[in-house]
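Have a look at the structure below, then the notes.
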Amino acid sequence: MHLTELAYTQLRRKLDRSELSCEKLVDLYIENIHEQESLNAYITVFEDNARQRAIEIDNRIAGGQAGMLAGMVVAIKDNIVMKGVPTTCGSKILSNFVPPYDATVIRKLLEQDAILIGKTNLDEFAMGSSTETSNFGATRNPHDADRVPGGSSGGSASAVAAGLCCGALGSDTGGSIRQPASFCGVVGLKPTYGRVSRFGLVAFASSLDQIGPLSQTVSDNALLLKSIAGYDPNDSTCANVAVPDYGSFLQQEVRGLKIGKPVEYFSQGLDPEINRAIENVLESLARRGAEIVEVSLPNLEYAISAYYIIATAEASSNLERFDGARYGFRSAGAKNLEEMYVKSRSEGFGPEVKRRIMLGTFVLSSGYYDAYYRKAMQVRTLIKNDFDRVLEQVDCLITPTSPTTAFKLEEKLDDPLQMYLSDIYTVSVNLAGLPALSLPCAKDHQGLPVGIQFIAKPFDEGMLFRIADHVEGNHTC
Amino acid sequence: MSISIHKVEKIARLAKLSFSQKEKENFTDQFNQILTFMEKLNELDTETVEPTTHVLDLQNAMRGDTSKTGLSQDEALDNAPRSKSGFFSVPKVLDKQ
């Protein structure tokens, strides 16, 4: 097995025993990145910085002073800022933007001696489900280059799946970590809203956005979450809740756990092969002593509408800041201030971002606010109440992550509504602020990965790791 | 409800975006399709339901009224498309008519 296919926990043993050096490891990932450039997973790669840092971390490991993530080669979605290197958000409007500070998650990864290898591609401003709307071109799925990797964290998912890094950070507003994890066959977690600081994450929809890890294994994911979670005074929506040792939830039994199967997630529109794969996991959990109960989330069918009203409203407001005045792209042709705003924005944003700004501006505009925006926030309450009610009865919910496996490039690009509908199983989790994890659990007849989604109570990521680790250990795929 | 191209033009002005005639026509069609889908929400009676703006049970987050070092003027201006004498520089606000 190639070293870059190993999980971090295995690599770390080799690093600690001096059977492997960080320097060698970084070279291997960089070699893979060059070999698989056609995936277009990265926007920026820090070859020299990563090599230099590898030498430092090798010294630290030799000195017995190394942090929790020493030598873990991590990629960062390009909407999370790092001091001194470009953060583009996959947009022309930020193509020349170099942030003057580090996001809190970057600081925390560096404190634990991770090696940051590059910035990954994404749908422009994380708005999309296929990583096709980036100004830097589409990212491809390593399992089939004619298919999308999912989105919007498609660069991160593709990079982890292809061995172009050991782990990665993404952001998830409506499924943007879980759906690409599912399409690329990797583990992806959206933590509870407020679990991880959003300081330094370029805002899309502030009440829904959350940063989370993508990795090859559940245990690597638990380790990454432990490193980046926790209170941050720089983000006033970051919760002051203690961070448990997520590793202690691994290699536990599932006997006695109650697992909910929401019937609405298994109805029309779900690929029968995916249905079968999820049922297999449920049967196997039942054999191992978990109790499976059917539950109902009756308002699921309203989630997409509520989500796209709230997300576009918040986006239209957050993206007002891109005005050509203080940073980012400014149109050359503007004769006065108003023209500078309109031309810089019209030339700087791509079509999907403009569409969402327009929709968001509309639902917030006078005369439509109550009918759309306020209504959507009320429906959000109903959706949240549904989850609260069923999560009182069970420890965890199991659903598919996506109704289909990876679709073809350009298949949905011209039909925004079809693209939005592909988020049906993930958006409700963001509306309710819950933690959820996608785990690869099978492959379909074309060899494409199938993802299973676990959803737990707020701040109960430990439960997700416990069940996902168990399933991972008992299902080969 | 149905949206007219005139309405799309008004929203574009509010959003400080401009579009070609073809783009506007395209948007009008897509908007109508998406908004029809969103009107599914009207099936639900929400008369007595409180809106959720935020899922966490958080109070206002306050900090001490103490100063701390922020970005320097140079750092703050580093990304400016144009700056002059320590200020952001923009085109004239008023055009000579």
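So you know, we letter chains A, B, ... as the sequences are listed, proteins then strands, and number each from 1.
Of the listed residues Y420(A), Y327(A), Y101(A), the one with more heavy-atom pairs under 4.5 angstrom with chain B than any other is Y327(A). Chosen from L417(A), I383(A), L431(A), the residue pairing most often with chain B at heavy-atom distances under 4.5 Å is L417(A). Residue with the most contacts toward chain A among L56(B), L71(B), T52(B), N26(B): T52(B) (heavy-atom pairs, distance under 4.5 Å). Counting heavy-atom pairs closer than 4.5 Å to chain A, the top residue among L41(B), V8(B), L14(B), V90(B) is L41(B). Of the listed residues L434(A), T381(A), T361(A), the one with more heavy-atom pairs under 4.5 angstrom with chain B than any other is T381(A). The greatest number of non-hydrogen atom pairs below 4.5 Å with chain A, out of R13(B), M62(B), E50(B), E75(B), is found for E50(B). For the options T53(B), D78(B), N60(B), heavy-atom pairs under 4.5 Å to chain A are most numerous at T53(B). Ranking P81(B), A61(B), S83(B), S18(B) against chain A, the residue ahead of the rest is P81(B), based on heavy-atom pairs under 4.5 Å. Your options are R380(A), E347(A), K384(A), M377(A), and the one with the most heavy-atom pairs under 4.5 Å with chain B is M377(A).
For chain A, the nearby part of S89(B) is the backbone; its heavy atoms alone come within less than 4.5 Å. Looking at A432(A), only its backbone comes within 4.5 Å of chain B, counting heavy atoms on both sides. Interface remark: Y308(A) contributes backbone and side-chain atoms alike to the contact with chain B (heavy atom separation under 4.5 Å). Heavy atoms closer than 4.5 Å to chain B are found in the side chain of F459(A), but not in its backbone. If you measure heavy-atom distances from K10(B) to chain A, you find no contacts under 4.5 Å at all. Looking at E301(A), the atoms closer than 4.5 Å to chain B (heavy atoms on both sides) sit in the backbone and in the side chain alike. Both the backbone and the side chain of L17(B) have a heavy atom closer than 4.5 Å to some heavy atom of chain A. Looking at N42(B), the atoms closer than 4.5 Å to chain A (heavy atoms on both sides) sit in the backbone and in the side chain alike. When heavy atoms are compared at a cutoff of 4.5 Å, T237(A) approaches chain B by way of both its backbone and its side chain. For chain B, the nearby parts of M358(A) are the backbone and the side chain; heavy atoms of each come within less than 4.5 Å. Neither the backbone nor the side chain of I310(A) comes within less than 4.5 Å of any heavy atom in chain B. Of the two parts of K354(A), the backbone and the side chain both hold a non-hydrogen atom closer than 4.5 Å to a non-hydrogen atom of chain B. Only the side chain of P416(A) comes within contact range of chain B, with at least one heavy atom under 4.5 Å from a heavy atom of that chain. In this structure, the portion of Q30(B) lying under 4.5 Å from any heavy atom of chain A is its side chain and not its backbone. At a 4.5 Å heavy-atom cutoff, the contact between R82(B) and chain A is made by backbone and side-chain atoms alike. Neither the backbone nor the side chain of S316(A) comes within contact range of chain B; no heavy atoms are under 4.5 Å apart.
With respect to D415(A) and K412(A), no salt bridge is recorded, no charged nitrogen being found less than 4.0 Å from a carboxylate O. Under the 4.0 Å criterion applied to side-chain N and carboxylate O atoms, K22(B) and E25(B) are not assigned as salt-bridge partners.
Counting heavy atoms of neighbouring residues, nucleotides and ligands inside a 6.0 Å radius, atom NZ of K40(B) exceeds 12 of them. Taking a 6.0 Å sphere around CZ of R389(A), one finds it holds more than 12 heavy atoms contributed by other residues, nucleotides or ligands. Few gaps surround CZ on F88(B); more than 12 heavy atoms of other groups in view lie less than 6.0 Å from it. The number of heavy-atom neighbours closer than 6.0 Å to NZ of K83(A), taken from other residues, nucleotides and ligands shown, is 12 or below.
Panel note: side chain R345(A), backbone A15(B); a donor-acceptor pair is recorded below 3.5 Å. Proximity of a side-chain donor or acceptor of N79(B) to a complementary backbone N or O of G328(A) within less than 3.5 Å is not detected. Judged by distance alone, the side chain of E264(A) and the main-chain N or O of N299(A) form no donor-acceptor pair under 3.5 Å.
Listed by first then second residue, pairs satisfying ring-ring contact (aromatic ring centres under 6.0 Å, His included) with a partner in residues 3-22 of chain B read F19(B)-F27(B), not counting sequence neighbours. Within the structure, the ring-ring contact (aromatic ring centres under 6.0 Å, His included) test picks out the following pairs touching residues 51-75 of chain B (sequence neighbours left out): Y193(A)-H54(B).
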Before you tell me yes or no, could you show the steps for S197(A) and N234(A) under side-chain hydrogen bond (donor to acceptor under 3.5 Å, both in side chains), namely the whole-Å CA-CA distance, both residues' side-chain angles and the distance that decides it to 0.1 Å?
CA-CA 8 Å; S197(A) 168; N234(A) 283 327; over 6 Å; no

side-chain hydrogen bond (donor to acceptor under 3.5 Å, both in side chains) between T133(A) and E124(A): does it pass, once the steps are laid out?
CA-CA 6 Å; T133(A) 70; E124(A) 186 179 4; 5.5 Å; no

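Side-chain contact check for E43(B) and Y302(A): at least one donor-acceptor pair (N or O, by modelled atom type) lies under 3.5 Å.
Taking all atoms of both residues into account, the shortest heavy-atom contact from C89(A) to L94(A) is SG-CD1, 3.9 Å.
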